Amino acid sequence: MVIEITDFSAKELDIYARLTEAQLMNRFDPSNAMFIAESPKVIERALDGGYEPVSILVEKNRMVGESLDAINRCGDVPVYTAEMDVLTQLTGYQLTRGLLCAMRRKTLPKTEAVLKDAKRVAVLEEVMNPTNIGAIFRSAAALGMDAVLLTPGCSDPLYRRSARVSMGTVFQIPWTFLPENWLEILKENGFKTAAMALTDASVSIDDPDLQAEEKLAIVLGTEGDGLAQNTITNCDYTVKIPMYHGVDSLNVAAASAVAFWELRAK
């Protein structure tokens, strides 16, 4: 059902224009929690991942090509259309490639279920920047990680910017938020833990003992401050990426790509 919207204040646009990410997440009623997927590719990957569409918002002249393919896959949901002068009032709309889709969230799996068949996992501690979250997910999916685990202080991978930057890989790789005793859970499930941090005890990322571990969790910290000292102390390894020209560190997303490739299961 195609419905034309001519007024930016129309209630049909509330979910796209006026609800915050926190309101969409709806912690008080998780069964009605939603997120917004942007662009045909991201929407297609969400559909592939089993996420349920609720409604679509599309620029009138974009109902062709890959956008139309994504719309058709969404089945019998409302399709709201509007002219560009209406949609440009939406924050960030210029980045969406003409198509937005409201989708229902799924219940997150338990940590143990995510770890069950995994050999290499990424653990993110307090990574709060949505762009970095999205970039890390894209690297994790591309470079051999079996799952991504996040501490409660991390940005939500289904935030619009995170999912867009990830190119939809947040829907392709298993992930969940961790409980407080996550280090204990990893060890109970047979994982050795490798904290990415610069200390006097850090081993090089190409250390053969790291490569030989059957199950390895690569632990990355927040932008700027890095990992908590308690986390570093309680991990099995502290690992550094060798640097040149006086550079002492990389952005967490760049560091994750190097670490995932070097430490992938071989």
Side-chain angles (χ1 to χ4, degrees), residues 15-17 19-25 33-51 53 56-59 62 66-67 70 87-88 90-106 108 114 121-178 196 218-224 226 249-261 264:
I15 191 170
Y16 299 100
L19 294 185
T20 66
E21 300 276 14
Q23 288 171 321
L24 286 169
M25 190 180 289
M34 290 184 279
F35 66 94
I36 305 297
E38 302 183 350
S39 86
K41 182 179 291 295
V42 172
I43 293 167
E44 293 263 15
R45 286 182 170 168
L47 293 170
D48 291 342
Y51 288 84
I56 292 167
L57 178 63
V58 59
E59 185 184 344
R62 289 294 189 98
E66 60 181 3
S67 290
L87 295 181
T88 49
L90 286 168
T91 301
Y93 183 77
Q94 298 279 18
L95 302 175
T96 68
R97 300 187 67 188
L99 187 65
L100 296 170
C101 183
M103 309 187 94
R104 296 198 185 280
R105 288 174 176 263
K106 296 195 294 187
L108 288 176
V114 174
V121 298
V123 177
L124 309 186
E125 183 181 71
E126 309 298 294
V127 178
M128 294 171 281
N129 184 301
T131 298
N132 282 338
I133 291 284
I136 292 168
F137 264 84
R138 190 173 182 181
S139 293
L143 301 174
M145 295 299 102
D146 298 312
V148 179
L149 304 167
L150 307 97
T151 63
C154 287
S155 179
D156 181 9
L158 297 188
Y159 281 174
R160 289 168 65 169
R161 183 180 297 176
S162 297
R164 182 178 72 238
V165 171
S166 83
M167 293 299 291
T169 55
V170 294
F171 310 115
Q172 295 178 305
I173 186 168
W175 65 273
T176 197
F177 281 102
L178 291 160
M196 300 298 299
I218 301 164
V219 187
L220 297 131
T222 187
E223 304 85 352
S249 65
L250 295 172
N251 165 274
V252 65
S256 75
V258 176
F260 297 161
W261 172 255
R264 71 196 188 283

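Predicted model only: the values in this text are computed from it and were never measured.
Across every non-hydrogen atom of I218 and M196, the tightest pair is CG2-CG, 3.9 Å. Considering every non-hydrogen atom in both G168 and V42, the closest pair reads N-CG2, 3.8 Å. Closest of all the heavy-atom pairs between G50 and K106 is O-CD, 3.9 Å. Of all heavy-atom pairs between S162 and P130, the closest is OG-O, 3.0 Å.
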- prompt: How far apart are the C-alpha atoms of L220 and F260, what are their side-chain angles, what is the distance that settles it, and do they pass the side chain to side chain contact (heavy atoms under 4.5 Å, CB included) test?
  reply: CA-CA 11 Å; L220 297 131; F260 297 161; 4.0 Å; yes

Side chain to side chain contact (heavy atoms under 4.5 Å, CB included) between E66 and E44, worked out: CA-CA 9 Å; E66 60 181 3; E44 293 263 15; over 6 Å; no

- request: Quick one: do T222 and V252 satisfy side chain to side chain contact (heavy atoms under 4.5 Å, CB included)? Show the steps, please.
  value: CA-CA 7 Å; T222 187; V252 65; over 6 Å; no

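We find the CG-CG distance between L87 and L57 to be 5.0 Å, quoted to the nearest 0.5 Å. The SG atom of C101 sits 11.5 Å away from the CD atom of E38 when rounded to the nearest 0.5 Å.
Applying the ring pair (Phe, Tyr, Trp, His ring centres under 6.0 Å) criterion to Y16, with sequence neighbours excluded, gives no partner residue. With sequence neighbours left out, Q172 forms a side chain to side chain donor-acceptor pair (under 3.5 Å) with no residue at all. For R105, the salt bridge (Lys or Arg N to Asp or Glu O under 4.0 Å) partners two or more places apart in sequence, or in a different chain, are D156. By the ring pair (Phe, Tyr, Trp, His ring centres under 6.0 Å) test, Y51 pairs with F35, F171, sequence neighbours left out. A search for side-chain contact (heavy atoms from CB on, under 4.5 Å) contacts involving T131 returns N129, R161, V165, not counting sequence neighbours. Evaluation of the salt bridge (Lys or Arg N to Asp or Glu O under 4.0 Å) rule for R104 yields E52 as partners, not counting sequence neighbours. By the side-chain contact (heavy atoms from CB on, under 4.5 Å) test, L108 pairs with W175, T176, F177, sequence neighbours left out.
Between P157 and S166, every side-chain heavy-atom pair lies at or beyond the 4.5 Å cut-off. No side-chain heavy atom of M103 sits less than 4.5 Å from a side-chain heavy atom of L158.
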Less than 3.5 Å apart, which donor and acceptor atoms pair up between the side chains of residues 134-151 and the rest of the protein, not counting sequence neighbours?
unit_1, atom_1, unit_2, atom_2, d
S139, OG, A135, O, 3.3
D146, OD2, K119, N, 2.8
D146, OD2, R120, N, 3.0
T151, OG1, L124, O, 3.4
T151, OG1, E126, N, 2.9
T151, OG1, E126, OE2, 2.9

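Side-chain N or O atoms of R62 include none that pairs as donor or acceptor with a backbone N or O of L99 at under 3.5 Å.
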